**Q** 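A single structure is presented below for examination.
The model shown is predicted, which means the values in this text are computed figures rather than measured ones. Just so we're on the same page: letters track the sequence lines, and every chain starts at 1.
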Amino acid sequence: MDRIKLNIYNDPEIVKKLSNFIKKEAEKLKKTIKIMHICGTHENSIVRFGLRDLLPGNITVIAGPGCPVCVTSSRDIDAIIELALKENIKLLTFGDMLKVPGSRLSFSKAISMGADIQMIYSIFDGIEIAKNSDKPCIFFACGFETTAAPTAAALKDLEIPKNFYIYSVHKYTPNGVYALLKSGKISMDALILPGHASTISGLKTYERFTDEFGLPSVAAGFEAADILLAIALIVKQINNKEAKVENAYTRVIEYEGNKRAQQAIDEVFYLTSSIWRGLGEIENSGYELKDKYRQFDAKKQFNITYTNDYIEHQKGCKCNEIILGNLTPKDCPLFTKRCTPHDPIGPCMVSDEGTCKNWYDGGLI
Amino acid sequence: MDRIKLNIYNDPEIVKKLSNFIKKEAEKLKKTIKIMHICGTHENSIVRFGLRDLLPGNITVIAGPGCPVCVTSSRDIDAIIELALKENIKLLTFGDMLKVPGSRLSFSKAISMGADIQMIYSIFDGIEIAKNSDKPCIFFACGFETTAAPTAAALKDLEIPKNFYIYSVHKYTPNGVYALLKSGKISMDALILPGHASTISGLKTYERFTDEFGLPSVAAGFEAADILLAIALIVKQINNKEAKVENAYTRVIEYEGNKRAQQAIDEVFYLTSSIWRGLGEIENSGYELKDKYRQFDAKKQFNITYTNDYIEHQKGCKCNEIILGNLTPKDCPLFTKRCTPHDPIGPCMVSDEGTCKNWYDGGLI
Amino acid sequence: MSQKITLDHGSGGKLTLELIEEVFKSESGLDSAILGDIAFTTDSHSIKPLFFAGGDIGKLSVAGTVNDLLCVGAKPLYLSTAFIIEAGFEIDKLNRIVKSIKEEAEDAGVKIVCGDTKVVENGKCDGVYINTSGIGKIIRPIKGDNINDGDAVIVSGSIGEHGFAILNQRENLNLNTELRSDVSNLTDLILPLIESDVEIKFMRDPTRGGLAMCLNELCYKRDFGFEIEESLIPVMEDVRVISEILGIEPYYSANEGKMVIVVSKKDQDRALDILKKNPKGSNAKIIGKVSKKTAGNVILKTKFGSTRLLKMPVADKMPRIC
Amino acid sequence: MSQKITLDHGSGGKLTLELIEEVFKSESGLDSAILGDIAFTTDSHSIKPLFFAGGDIGKLSVAGTVNDLLCVGAKPLYLSTAFIIEAGFEIDKLNRIVKSIKEEAEDAGVKIVCGDTKVVENGKCDGVYINTSGIGKIIRPIKGDNINDGDAVIVSGSIGEHGFAILNQRENLNLNTELRSDVSNLTDLILPLIESDVEIKFMRDPTRGGLAMCLNELCYKRDFGFEIEESLIPVMEDVRVISEILGIEPYYSANEGKMVIVVSKKDQDRALDILKKNPKGSNAKIIGKVSKKTAGNVILKTKFGSTRLLKMPVADKMPRIC
Amino acid sequence: MCLGIAMKVVEIYDGGLNGVVEAGGVKRHCFFHMIDDLKVGDYVIVHAGCAIEKIEEEEAQENLKLIEQCLLGEEAGGQDKT
Amino acid sequence: MCLGIAMKVVEIYDGGLNGVVEAGGVKRHCFFHMIDDLKVGDYVIVHAGCAIEKIEEEEAQENLKLIEQCLLGEEAGGQDKT
Ligand code: SF4
Ligand code: SF4
Ligand SMILES: [Mg+2]
Ligand SMILES: [Mg+2]
Ligand SMILES: [Mg+2]
Ligand SMILES: [Mg+2]
Ligand SMILES: [Mg+2]
Ligand SMILES: [Mg+2]
Ligand SMILES: [Mg+2]
Ligand SMILES: [Mg+2]
Ligand SMILES: [Mg+2]
Ligand SMILES: [Mg+2]
């Protein structure tokens with residue numbers, strides 16, 4: 001990679017130096033600090049690179065509500081599975097969504113019961129599938145602003161076949177996390193801000209985190225050096241008694257975010273209150289299609305039934321506390337026993353971004 | 001079988017004696033005679049027991065239009081297959097019908113294309129299937145009066161579920177054969193009358209065969225002795241210059257037929273003109289449901305499309321001439337080459353009652 | 001040959017034979033390969049219903065492979081089992097099948113030494129398919145050569161039971177009968193024959209396509225045929241009745257625990273004696289003989305003194321009514 | 001264990017292992033059975049798509065069984081092939097598959113000596129399933145015993161190619177890549193090793209579940225584990241990129257032409273030399289060692305000096321996006 | 001046409017409309033809608049699960065007599081090896 | 001959240017809306033709806049088949065500088081074995 005040296009971020013020398021720097025810097029810390037990241041892919045990198053091994057004992061890194069699959073409500077999963085079983089439709093969704101348990105069924109289990117559900121890699125592939133299908137194709141669109149942006153851009157700029165519909169469960173991270181901070185449900189000493197979601201939203205929106213809650217907030221990329229750099233900057237801020245938004249992933253994130261993406265989102269979606277699995281309703285945190293796009297809105301074009309007895313977490317599952325960073329999977333009595341990636345009890349055991357799954361796969365247990 | 005000695009009819013001693021009697025009696029014949037049976041099961045018995053081996057050279061036994069599967073028109077087969085492929089229905093029919101080629105498809109091939117078609121042994125089993133199904137179940141009802149009678153009795157006497165329908169291609173033998181005789185399409189020196197169809201119709205209706213065409217006509221059962229007895233009686237009639245209807249199957253056939261069966265048929269069906277595959281339309285030869293039973297009549301309750309370009313016999317197929325007894329399978333260039341029971345060209349190669357199939361399976365070729 | 005595989009290609013009849021010739025270009029015609037002093041064979045089993053009167057797919061898949069090893073004069077020793085299972089299949093049923101495999105293997109004196117398990121999408125399999133492959137030790141190779149005019153044809157017991165028992169259940173024919181599949185390994189029955197000095201020319205288990213297929217296959221493209229006395233073929237009364245009800249001759253109905261054995265004429269009675277010592281052979285019969293005159297054909301002589309060809313079945317026979 | 005079989009039971013991962021333990025009660029843990037001086041193995045193959053970049057189900061089914069025979073120190077000799085074919089399957093495709101089987105068998109030096117063909121209803125199979133069973137002559141039995149601390153772990157080439165090539169095609173991921181399945185028999189590569197005096201402790205082909213499954217299975221419930229240096233594992237650049245695009249580590253992606261070999265430390269370099277003489281072994285690497293300390297576990301040491309568990313996969317990994 | 005076989009009535013219910021027939025140990029449900037005055041022990045011809053006619057003893061005798069008449073003619077005429 | 005990887009733009013069409021990206025020999029169709037002024041040779045972050053941001057050279061330099069600043073601090077502070 002010619003001019004832009006991307007290899008540097010997983011160079012062992014640099015990583016070790018950053019690790020040493022953090023250890024040195026951490027000696028000055030007055031107490032053990034808890035740094036929360038809010039991005040499943042960060043958790044994945046941390047586990048994969050063994051980064052917790054490289055941190056001093058007085059720095060704990062925990063995972064917050066950063067997996068869009070984990071925070072998708074059973075209410076929506078139940079409703080769309082019901083539709084797929086009842087009507088002659090094709091349901092499209094991302095691979096990580098397939099095993100997420102709803103109240104009774106996951107998408108995978110619905111497939112065994114005859115539902116036509118297909119994994120896609122991208123909304124654009126989904127549109128192609130619809131073009132070649134004579135069924136209504138509904139894209140169960142999950143994901144944070146990073147994924148909402150392509151959905152919006154596609155609807156805005158592409159010719160969408162008449163049989164292609166969106167069921168949006170897209171969510172907006174900054175508002176979700178802000179609400180949780182405000183409610184006191186989560187607490188930490190500093191935040192690692194998401195790398196890719198922030199390319200869309202930009203970092204300005206996170207200034208309220210520093211201003212209102214005094215939390216050092218540093219955006220990070222996904223290589224080992226990226227995450228350690230963010231932690232280094234956080235520790236420096238804490239030692240300097242600062243609390244500011246910093247960008248440790250400048251090669252990708254612009255402070256103002258991606259204007260074109262923001263415009264596409266604004267054009268297509270509006271923000272409204274949304275249920276986050278296990279966390280309840282959070283205002284201004286969910287993307288719904290604007291009326292202008294109602295013809296593509298599965299929620300409006302199909303007769304979708306919602307029930308009130310949906311189950312977000314089976315008894316015993318600590319997912320909601322784990323998502324909030326209050327507990328770790330080790331605190332859940334079901335972890336690795338009744339709850340495994342094969343037969344997950346809670347959503348955190350499903351996606352490779354889910355904390356429980358991440359710990360199951362590669363955690364040192 | 002206690003009082004009623006049924007074993008006697010396949011006793012080798014008796015069969016040999018009858019054979020000898022025929023040979024003796026045949027010495028008196030002035031010319032080679034051609035005896036036609038009009039029953040596929042007779043052909044089957046003749047082949048299975050090797051009866052042609054037991055006849056003298058001047059007696060030829062040929063097969064007439066006696067296989068209900070062979071005379072079912074492609075027009076009906078095409079129409080019902082089309083419906084089964086298009087609509088969400090279950091089609092029921094007898095095992096022998098499955099491989100009969102229509103213009104393009106057989107029932108078997110339609111199954112591979114996703115049609116829901118099930119073999120049944122009896123209409124009564126079909127009714128039970130309908131009771132346990134939430135689909136409309138259409139019974140493609142083929143067969144001569146022998147089979148039309150149970151269909152009629154069932155409709156008349158049983159509680160029929162609302163989702164059970166009849167597509168009748170039932171046919172009435174005596175009228176069909178009478179029309180063929182009258183048209184001169186078939187010719188022979190004598191007839192073996194069907195054993196089981198005659199239990200329903202009785203033998204009186206065949207008196208027009210002897211009266212109008214001077215044909216000795218003897219009804220026979222299906223054991224080796226039954227058939228030889230009928231042939232013996234025929235040869236005797238010819239030698240005596242007689243032409244009368246005789247019953248060589250008195251243990252089963254009553255001369256007047258089965259009155260209750262006739263009543264059931266009259267109650268449920270009316271006779272009308274009907275297409276016999278390869279033979280064209282024959283008046284008063286097809287059973288259609290009376291208006292009273294229209295609610296069960298698939299032809300009235302479903303939107304069935306008939307085309308005019310249905311193909312009764314593929315090019316080269318001699319089925320129609322074989323059915324008429326004018327040719328034998330050996331005269332067909334396709335026999336055992338392009339036309340086999342696996343991929344039959346004509347209907348005569350399908351049913352074990354079909355002459356071509358019978359010759360293929362056990363004929364000495 | 002048509003452009004697409006049809007069910008008939010798998011019926012074990014003529015189409016299967018042609019497929020094997022034309023696509024697989026295999027010509028051995030033996031139930032097992034003879035490789036020096038070992039025999040090797042394979043069979044995949046799919047059957048509906050999986051559990052049937054007299055057995056299940058597990059028992060069937062062991063018996064079938066054991067019997068194929070016996071056919072070439074081998075003592076069956078080792079079996080592999082490979083499962084293809086449909087997602088959604090009940091583990092209970094799987095346990096029953098595995099149990100049945102173990103019991104039949106024990107009865108047959110073989111060890112199951114390796115296995116495999118694959119799971120396919122729901123609907124992409126009919127419950128479970130089982131492949132068994134087997135290894136046996138050749139006691140003496142029986143290759144179907146040196147067949148002479150007049151050699152005796154023996155069938156080890158009454159025919160047609162498996163096919164009709166299955167058909168009745170599969171097609172819901174509602175025939176209430178004690179009839180059970182004859183599925184069984186024949187180690188105890190056949191091994192003594194192999195170990196005797198009876199001159200065995202050929203053995204084959206008359207499975208798919210029944211006795212008719214088995215005899216026709218044995219003489220397919222060979223310089224001999226068979227003359228069979230119809231009245232000598234052992235058929236149980238219930239099989240005979242079902243045959244009449246369904247309009248299917250019992251010769252076309254599958255067996256899974258019978259053997260057709262061709263022995264030199266001089267040894268025919270001794271062979272029968274050996275078979276009859278075992279209960280499984282109590283109905284064994286000499287049903288006819290090898291005939292060079294009828295090369296490639298199976299002639300059935302009726303009890304009336306007439307003859308006819310017993311043809312190779314083309315496809316599975318279906319019950320008929322009209 | 002759940003009451004019903006799921007696709008995960010067939011993923012080759014942890015659930016498969018548990019199913020085999022609990023239902024089949026098999027414990028050998030070897031890829032082939034060792035029966036005196038012969039090896040015997042079986043595998044049924046179902047793959048979607050049937051024809052893929054780098055091979056097809058025919059090649060796969062030969063290579064898989066040949067490689068399993070090599071695993072126990074046998075020279076592969078004979079193969080059986082048993083087809084389950086869906087009615088409606090094109091005979092042309094069947095011919096291509098059979099051709100491919102023959103070519104791979106020839107390349108592997110094995111003879112196909114027996115076969116079977118079954119046809120099932122349209123929809124009751126995914127085109128075709130093929131079982132191959134194989135017999136080999138034991139050159140020296142490799143049973144996975146006598147494993148010592150410090151024994152070297154070798155992988156015969158770069159990993160993950162088969163799994164990603166298939167996934168890309170099967171799920172229509174539209175990745176335009178030169179990547180091809182590595183499917184291949186390893187006779188030429190491994191036989192010289194077996195015939196050498198290198199002290200081989202254990203061999204296994206890292207198929208379903210990839211390297212992660214293979215290593216975990218080797219030490220499953222054993223008194224040793226592995227310490228693997230992540231940076232030593234050979235991964236082609238395109239596999240690494242696809243791994244990142246899909247969010248699936250290459251350790252979980254299947255291989256069909258690779259071997260994991262545990263040799264005594266003293267022989268590790270000689271083993272590597274032998275492998276590297278063959279083009280198929282040109283990327284062979286020593287990737288780690290046996291460690292008694294980590295019994296039952298596979299520890300991955302990152303290039304950053306940190307460690308983590310490389311867990312046994314539970315189910316097939318699906319591409320992820322969020 | 002019309003495969004039919006003789007079976008013995010072993011059970012009758014529903015006022016004579018339904019029952020069970022048997023032959024060689026094989027039993028099957030059978031419909032008797034078309035047969036009058038059926039008794040257990042009677043023989044019927046069963047076609048497609050339905051009795052289409054009863055086999056009466058005297059008529060069976062008659063059938064045998066028909067054969068005998070022929071054979072008497074033959075026996076009188078000249079017997080060969082049989 | 002949001003798996004994304006850096007890939008190089010190797011083809012652009014549809015007036016900049018569509019194109020092809022590449023990494024390690026793997027190419028994939030990519031949508032560029034959200035990126036202005038894209039040129040062949042540019043690097044983008046691809047998420048779910050869509051470029052979500054461009055990686056600019058000067059910003060990449062900046063990123064390295066950030067690390068260097070830390071490490072300078074460290075090098076000054078006390079270097080261990082590395
Ligand atoms: S281990 Fe399973 S049950 Fe426990 S918190 Fe995680 S997802 Fe919930
Ligand atoms: S052999 Fe076939 S083509 Fe010829 S007449 Fe008979 S059915 Fe027709
Ligand atoms: Mg076999
Ligand atoms: Mg066999
Ligand atoms: Mg296996
Ligand atoms: Mg294997
Ligand atoms: Mg293996
Ligand atoms: Mg076979
Ligand atoms: Mg009467
Ligand atoms: Mg009467
Ligand atoms: Mg930009
Ligand atoms: Mg930028």
**Q** If we define contacts as heavy-atom pairs under 4.5 Å, which of F:G49, F:G4, F:A48 has the most with chain D?
**A**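 The candidate making the most pairs under 4.5 Å is F:A48.
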
**Q** Not counting sequence neighbours, list each pair that qualifies as a salt bridge (Lys or Arg N to Asp or Glu O under 4.0 Å) and has a residue in residues 23-33 of chain F.
**A**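 Qualifying pairs: A:D125-F:R28.
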
**Q** Holding to side chain to side chain contact (heavy atoms under 4.5 Å, CB included), I want the full list of residues that pass it with D:E237, two or more places apart in sequence or in another chain.
**A**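 Per chain and number, D:E237 pairs via side chain to side chain contact (heavy atoms under 4.5 Å, CB included) with D:R240, D:V241.
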
**Q** Can you tell me which of D:N168, D:L179, D:D238 forms the most heavy-atom pairs within a distance under 4.5 Å of chain F?
**A** D:D238

**Q** Checking D:L246 against chain F: side chain, backbone, both or neither under 4.5 Å from a heavy atom?
**A** backbone

**Q** Decide whether F:Y43 and F:E56 meet the rule of one side-chain donor and one side-chain acceptor closer than 3.5 Å.
**A**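 Side-chain D/A pair, F:Y43 to F:E56: absent.
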
**Q** So, are F:D42 and F:K39 salt-bridged, with charged N and O less than 4.0 Å apart?
**A**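 A salt bridge is present here (some side-chain N lies under 4.0 Å from a carboxylate O).
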
**Q** Determine the option with the most heavy-atom pairs under 4.5 angstrom with chain F, choosing from D:V239, D:I242, D:N174.
**A**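 Heavy-atom pairs under 4.5 Å are most numerous for D:N174.
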
